[in-house]
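The next block holds one structure in the form of structure tokens; read it before the comments.
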Amino acid sequence: MTRALALLLLAAALAAPQEHSYTQADIEHGARLYQSSCAGCHGPNGDMVPGIELHRGQFRRATNDTEIMRIIQSGIPGTTMPPSSFSDAQAGAIVAYLRTAAPASGPGREGVSVARGDAAKGKSLYDGKGQCGSCHRVNGEGPRLAPDLSDVGTVRPASELRQKLVDPDALVRPGNRFVDAVTKSGAKISGRLLNHDTFTVQLLDSNERLVSLSKSDLKEFTFVKSSPMPSYRDKLSAGELDDVVAYLVSLKGFRP
Ligand code: HEC
Ligand code: HEC
């Protein structure tokens, strides 16, 4: 059930710019495309190119689904990873397949959605020591600087939530990217990228104001490589991390 919902949300996230949506049939289509075009090099389980495990989300270069799609379409110049003529929908279907094909068991995948910790303790850590609420919003409380976590338990499995806490730069979703812009008059604006098209960029700045910029007025426009989120690797003990993850897993959506 959680898995089905996660699939839908994944599909929605992938589809955001073009309003595509992916069904189970698309994911199966992605699986067939993978077996015919990719498995020859990457192997049926995505682990034959050293250092890359496509089915487990372990990449050397790609940091999000949009980049994986771009790599599928353009290849990686100077390497044997070839370009392809796949459409956005086909590349998206392959990514949807890769993201859902993770083996049910195996290293790092045990207990994907089973959290070991104590959710109530996790909530106290979220509010207290972790200071998560200074950036995040849950069930209508907190700022909008960082993603709303009200339904994060349906979007990400426990293993990913834990990884996010110790290594925030990993697994940044396309909708959660931050950009630095400098206008031609020298003003610097940083914020969370909400949308962009050929001519304009919309950001949510640090005062939670929606800023719309004209690309022709910009001197620089760069994606921030690292996540603004601090790592909790040394700030929380292993047990405390389990508790925070248990709390996050319990967040299954806010219905006002
Ligand atoms: C001819 C062999 C070959 C084929 C076919 C191939 N790949 Fe690759 N792929 C590679 C190699 C080799 C690399 C590593 C390149 C490097 O970084 O040196 C790679 C890298 C990648 C990466 C980047 C991973 C990272 O670490 O960021 C992705 C994603 C990827 N391939 C997906 C695919 C998909 C999906 C297909 C099928 C549409 C595919 N590849 C087909 C050989 C191949
Ligand atoms: C300084 C601000 C800040 C603090 C403090 C912070 N975060 Fe974050 N967090 C972010 C930002 C910004 C992102 C979005 C970028 C990214 O994915 O790395 C994020 C992303 C996340 C994500 C991934 C959301 C998704 O849907 O992909 C989770 C989960 C998360 N934070 C949980 C926490 C928890 C739990 C704490 C406290 C232990 C915390 N964060 C503290 C800023 C913060």
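Every value quoted in this text rests on a predicted model; they were computed, and no experiment measured them. Whatever order the structure lists them in is the order used to number ligands and atoms, beginning at 1.
Inspection of the Y126 and H136 side chains reveals no N or O donor paired with an N or O acceptor under 3.5 Å. Defined by atom type and a distance below 3.5 Å, a donor-acceptor pair is missing between the side-chain atoms of T222 and D180. Side-chain N/O atoms of Q58 and D47 include no donor and acceptor closer than 3.5 Å. There is a side-chain donor-acceptor pair under 3.5 Å between T200 and Q202.
When side chains are defined from C-beta on, R162 counts as touching L241, because their heavy atoms get closer than 4.5 Å. The side-chain heavy atoms of E240 and K121, taken from C-beta on, include no pair separated by under 4.5 Å.
Listed by number with element, the atoms of ligand 1 under 4.0 angstrom from any heavy atom of C41 are 1 (C), 2 (C), 3 (C), 4 (C), 5 (C), 42 (C), 43 (C). Residue-ligand proximity, I71 to ligand 1, at heavy-atom distances under 4.0 Å covers atoms 22 (C), 23 (C), 28 (C). Each of the atoms 1 (C), 3 (C), 4 (C), 5 (C) of ligand 2 lies under 4.0 Å from some heavy atom of P230. Annotation for ligand 2: atoms under 4.0 Å from non-hydrogen atoms of P168 are 18 (O). The ligand atoms of ligand 1 that sit less than 4.0 angstrom from a heavy atom of F86 are 38 (C). Close contacts of ligand 2 with F178, meaning ligand atoms under 4.0 Å from a residue heavy atom, involve 12 (C). Taking every heavy atom of V244 and a limit of under 4.0 angstrom, the matching atoms of ligand 2 come to 35 (C). When each atom of ligand 1 is checked for a heavy atom of I68 under 4.0 Å away, the hits are 29 (C). Annotation for ligand 2: atoms under 4.0 Å from non-hydrogen atoms of Q131 are 5 (C). Heavy-atom contacts of L165 reach the following atoms of ligand 2: 33 (C), 34 (C), 35 (C) (cutoff under 4.0 Å). Taking a cut-off of under 4.0 Å to the non-hydrogen atoms of I52, the atoms of ligand 1 that pass are 14 (C), 20 (C), 24 (C), 26 (O).
V166 and R233 get closest at one heavy-atom pair: O-NH2, 3.5 Å. Here the closest non-hydrogen pair linking P230 and P168 is O-CG, 3.4 Å. The nearest pair of heavy atoms linking K184 to L218 is CE-O, 4.0 Å. Of all heavy-atom pairs between L248 and V152, the closest is O-CG1, 3.7 Å. Of all heavy-atom pairs between P143 and S134, the closest is CG-O, 3.3 Å. Nearest heavy-atom pair across A119 and Y247 is O-CB, 3.5 Å.
Summary of contacts: the protein heavy atom closest to atom 7 (N) of ligand 2 is H136 NE2, 2.8 Å. For atom 2 (C) of ligand 2, the nearest non-hydrogen atom of the protein is C135 SG, 1.9 Å. Nearest protein heavy-atom contact of atom 13 (C) of ligand 2 is P147 CD, 3.4 Å. Residue, atom and distance of the protein heavy atom nearest to atom 26 (O) of ligand 1 are R60 N, 2.3 Å. Among all protein heavy atoms, the one lying closest to atom 15 (C) of ligand 2 is N176 O, 3.5 Å. Scanning all protein heavy atoms for the shortest distance to atom 36 (C) of ligand 2 gives C132 SG, 2.8 Å. The closest protein non-hydrogen atom to atom 18 (O) of ligand 2 is S227 OG, 2.6 Å. In terms of protein heavy atoms, atom 11 (C) of ligand 2 is closest to A146 CB, 3.6 Å. Here the heavy atom of the protein found nearest to atom 12 (C) of ligand 1 is T80 OG1, 3.0 Å. Ranking protein heavy atoms by distance to atom 29 (C) of ligand 2, first place goes to L161 CD2, 3.5 Å.
Taking CG of L125 as the reference point, atom OH of Y232 lies at 10.5 Å (rounded to 0.5 Å). In this structure, the separation between CD on E67 and CZ on R61 is 11.0 Å, given to the nearest 0.5 Å. The CG atom of L54 sits 5.0 Å away from atom NE2 of H42, with the distance rounded to the nearest 0.5 Å. Once rounded to the nearest 0.5 Å, the distance linking CG of D243 with OG of S124 reads 8.5 Å. Atoms NZ and SG, from K123 and C132 in turn, are 10.0 Å apart once rounded to the nearest 0.5 Å.
Distances from atom 5 (C) of ligand 1 to the heavy atoms of S37, G40, G51 put S37 nearest. Of the listed residues (S36, G46, C38), the one carrying the non-hydrogen atom nearest atom 38 (C) of ligand 1 is C38. When L149, L236, L251, D151 are checked for heavy-atom proximity to atom 24 (C) of ligand 2, L149 turns out nearest. Compare K164, K129, K235, E240 by their heavy atoms: the one nearest to atom 22 (C) of ligand 2 is in K164.
The distance criterion of under 3.5 Å between nitrogen or oxygen atoms is met by A62 with respect to ligand 1. For R156, a nitrogen or oxygen atom sits less than 3.5 Å from a nitrogen or oxygen atom of ligand 2, counting backbone and side chain alike. The shortest N/O to N/O separation between H42 and ligand 1 falls below 3.5 Å. Residue S134 places no N or O, backbone or side chain, under 3.5 Å from any N or O of ligand 2. Note: no N/O pair closer than 3.5 Å links T79 and ligand 1 by distance alone. Checking only distances, R61 does come within under 3.5 Å of ligand 1, N or O to N or O.
Of the possible polar contacts, none joining the K215 side chain to the V201 backbone as a donor-acceptor pair under 3.5 Å is found.
Atom 8 (Fe) of ligand 1 has M81 among its coordinating residues (N/O/S atom, backbone or side chain, under 2.8 Å).
Proximity of L33 to ligand 1, defined as any heavy-atom pair under 4.0 Å, is not found for any part of the residue. Contact annotation: for D169 versus ligand 2, there are no heavy atoms closer than 4.0 Å. Only side-chain heavy atoms of P82 come within less than 4.0 Å of ligand 1; its backbone N, CA, C and O stay farther off. Contact annotation: for L125 versus ligand 2, there are no heavy atoms closer than 4.0 Å.
Checked options V249, D118, L165; the residue passing with V244 is L165 (criterion: side chain to side chain contact (heavy atoms under 4.5 Å, CB included)). Among V245, V172, D169, the single residue meeting the side chain to side chain contact (heavy atoms under 4.5 Å, CB included) criterion with K164 is V172.
The aromatic ring centroids of H29 and Y34 lie 6.0 Å or more from each other.
Heavy atoms of Y34 come nearer than 4.0 angstrom to ligand 1 in no pair at all.
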